[in-house]
Structures are given as C-alpha cells and as structure tokens.
Amino acid sequence: MQARESAGKRGRMTAGGMRNLAYGLLVAVILYVAFTGGA
Amino acid sequence: MAERFGGRFSPDPPEGEPRIEATAPVNPFEGKVPARAGFRVNLLFLTPFPLLIRAFTMGATGLVQTLAGFGLLLLSAWLTRDGEIAHQAWDARKVARRPAIPRKIFGSVTMAAGIFLACLPDTGSLVGPVLLGLLAGALHLAAFGPDPLTDKGMEGIDGYQQDRAARAVDQAEARLAEMKDAILRANDRRLEARVEKFQTTARTMFRTVEEDPRDLVAAKKYLTVYLTGARDATVKFADLYARGRDAKARADYEALLDDLEKGFSQQTQSLLTDNRDDLDVEISVLRERLEREGIRAE
C-alpha cells in the first residue's frame, strides 16, 4: 500500500494502473473490431 | 430515590446473577478477498456480441470466419475467467502447485486468434488482422498477466503426502459446502453467520494441514469424522428448525458448533506446536554440533 501511494505521488504509473490501461485498450480494440470489422 | 439501573448485561450485575460477556461481533468480511474474476472478466463475454449481428450481413466465407472469431473470443473470456479463479486459489495457499493448464496464457492466444479471424473478412490483406490480433493478445497478457508458472513452497515436501493432504482438504471443503447449503434451509441469518464463523475456523486447520501434510494423521479425525458429523447434524437441525423454530434445538446446535469450533482451534494450535517441536530439535542438534566443533563462542 505504501509503495503504491508513493509511486502514485511521484506521478509514475503503477503496475495496477498499467493493467487497467491495458484492459481498457483491450476492450476498446474488441469493440472496434466487433463494430467495424477492423476495416 | 433513584434506582440504579442494572441487568444481566450491565457492567455490575446484581448479586447472584451471572455476568454475561458480550463477544465482539465478527466482521463478516474477515479473511475474505475480492474475487479476481469479477466484472472485468465478465465484460469480456459481452463485448464480442456485435460480431453476431455483423456476421449475418456478409457472404458465406465472411459469416463462417466471423462466427469462428466470435467463438474464439468467448473461449478466451472463459479461459481467462477460469485462469483468474485458479490464480486466486494459488495466491491464497502457502503451498501450491502451478495450474496444470496455463489458462490465462491460452486465453491471450485465443484472444489474438479470435480478433484475427473476426477482422479477416473486412480487410483484403493479412497485415491488418495480424497486427490487430497481436495487439489484442499483448493487451490481454498485460491486463490479466500470465498464470503462476512455478510451484510455491514445495521444497522438502513429499509429493505423495501433499496429494493425500490436498485430497482430504478437498473432501472436507465439500462437507463444509454441504453444511452451508443445509443451514440456508433454516432461513435464519444469524445461524448462517454462525456456520460461516465455524467454517473460517475449520479452514484455518485446512491451511495448516496443507502447509505441513505430516499433520494430516493428527487432523484426519477432524477432517472426516467430526466434519461429517457436523454436516449430518446441520442437515437434521435445519429441517427441524425450519418446521418448528424450536429454540431448544437451536441452543443445542449452537452449543455443538461452539464445541466443534473450540476443538478445531485447539487441534490447529497443537499442530502448530508440533511444528515448533520439530524446529526446536533441528536447532538444538545443529547448535550442539557447532559447539562440538568449536565454532560457537560461549
């Protein structure tokens, strides 16, 4: 918890933040392909 | 004259009345962790559904490719969910084998393949689908991480004993689950919480046995005989209590749970003391040897 807070305070991306970002992008990519077919 | 208020539960009860100690309420969330396979994973099941509609606006080849992609995306979501459940189980134990199938990694691969197939009909070339597939696979891996690929805390543990202990714990867990099912029929929230508290105590013993399978011999009676008895008693009690709300039966049942809980925690304590004795022997043997060889300064 301590490490997470200090990493956040220094404005750096935490491991959890990276995972959330990757997850958001993944959902966006799936939706993009699902609606447009990737074209 | 004012009369001093007092009763059984007051700090200073009147002469001759027993004092009843209030027990601190147990937090119902104690020892629980949020499920990893939650909304994030379940959303993966929903996102591919627009593909179903798109599929039927295409020619035959496109239809088949899109449907196959849709199926792979659902398979990926399913593998991811099971992988997350297995990962959480691995995290919860101090001694654990790695999962037999790396489900989350397979989930990443099927995700890449599914996106590739779903893109294929609309783009003429292979470049776009391949790139999108790789991107989705990499994002999946980054979002959910790889499965635990190593055994944990397995050094110096007899694999055969470990398997026996794991099997015994699985059966004991099944009995706990049956107990929980049975008490739901009694339709009483307080009793459900009581049984849950007992389960927490029993699980402490399970973890102790898993960590040191040699304890299985000493704990066997608790894991089989007593838990089976507790389950049977719970089944009978739940049926009886659901019909008549018999206060006497309820008191008896709660007393039984108290006794069982006491027995379980005492046994767990004595299992841990055994381990302590082992450690003491190990340390004293080594120290004696150091002393004999003149290494240890007095």
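- Options B:Ala142, B:Pro50, B:Pro48 differ in how many heavy-atom pairs under 4.5 Å they form with chain A, and the most are formed by B:Pro50.
- Between chain B and the options A:Ile30, A:Leu25, A:Leu31, the largest number of non-hydrogen pairs under 4.5 Å is found for A:Ile30.
- Looking only at distances, a side-chain donor or acceptor of B:Thr80 sits under 3.5 Å from a matching main-chain atom of B:Ser76.
- In this structure, no portion of B:Met58 lies under 4.5 Å from any heavy atom of chain A.
- Between chain A and the residues B:Leu44, B:Leu51, B:Leu135, the largest count of heavy-atom pairs under 4.5 Å involves B:Leu51.
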Problem set entry | Verdict with supporting geometry, B:Glu84 and B:Arg81, salt bridge (Lys or Arg N to Asp or Glu O under 4.0 Å) | CA-CA 5 Å; B:Glu84 286 282 45; B:Arg81 186 164 68 185; over 6 Å; no

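- The aromatic rings of B:Phe144 and B:His140 sit tilted, their planes meeting at an angle between 30° and 60°.
- Other residues, nucleotides and ligands place no more than 12 heavy atoms under 6.0 Å from the CH2 atom of B:Trp78.
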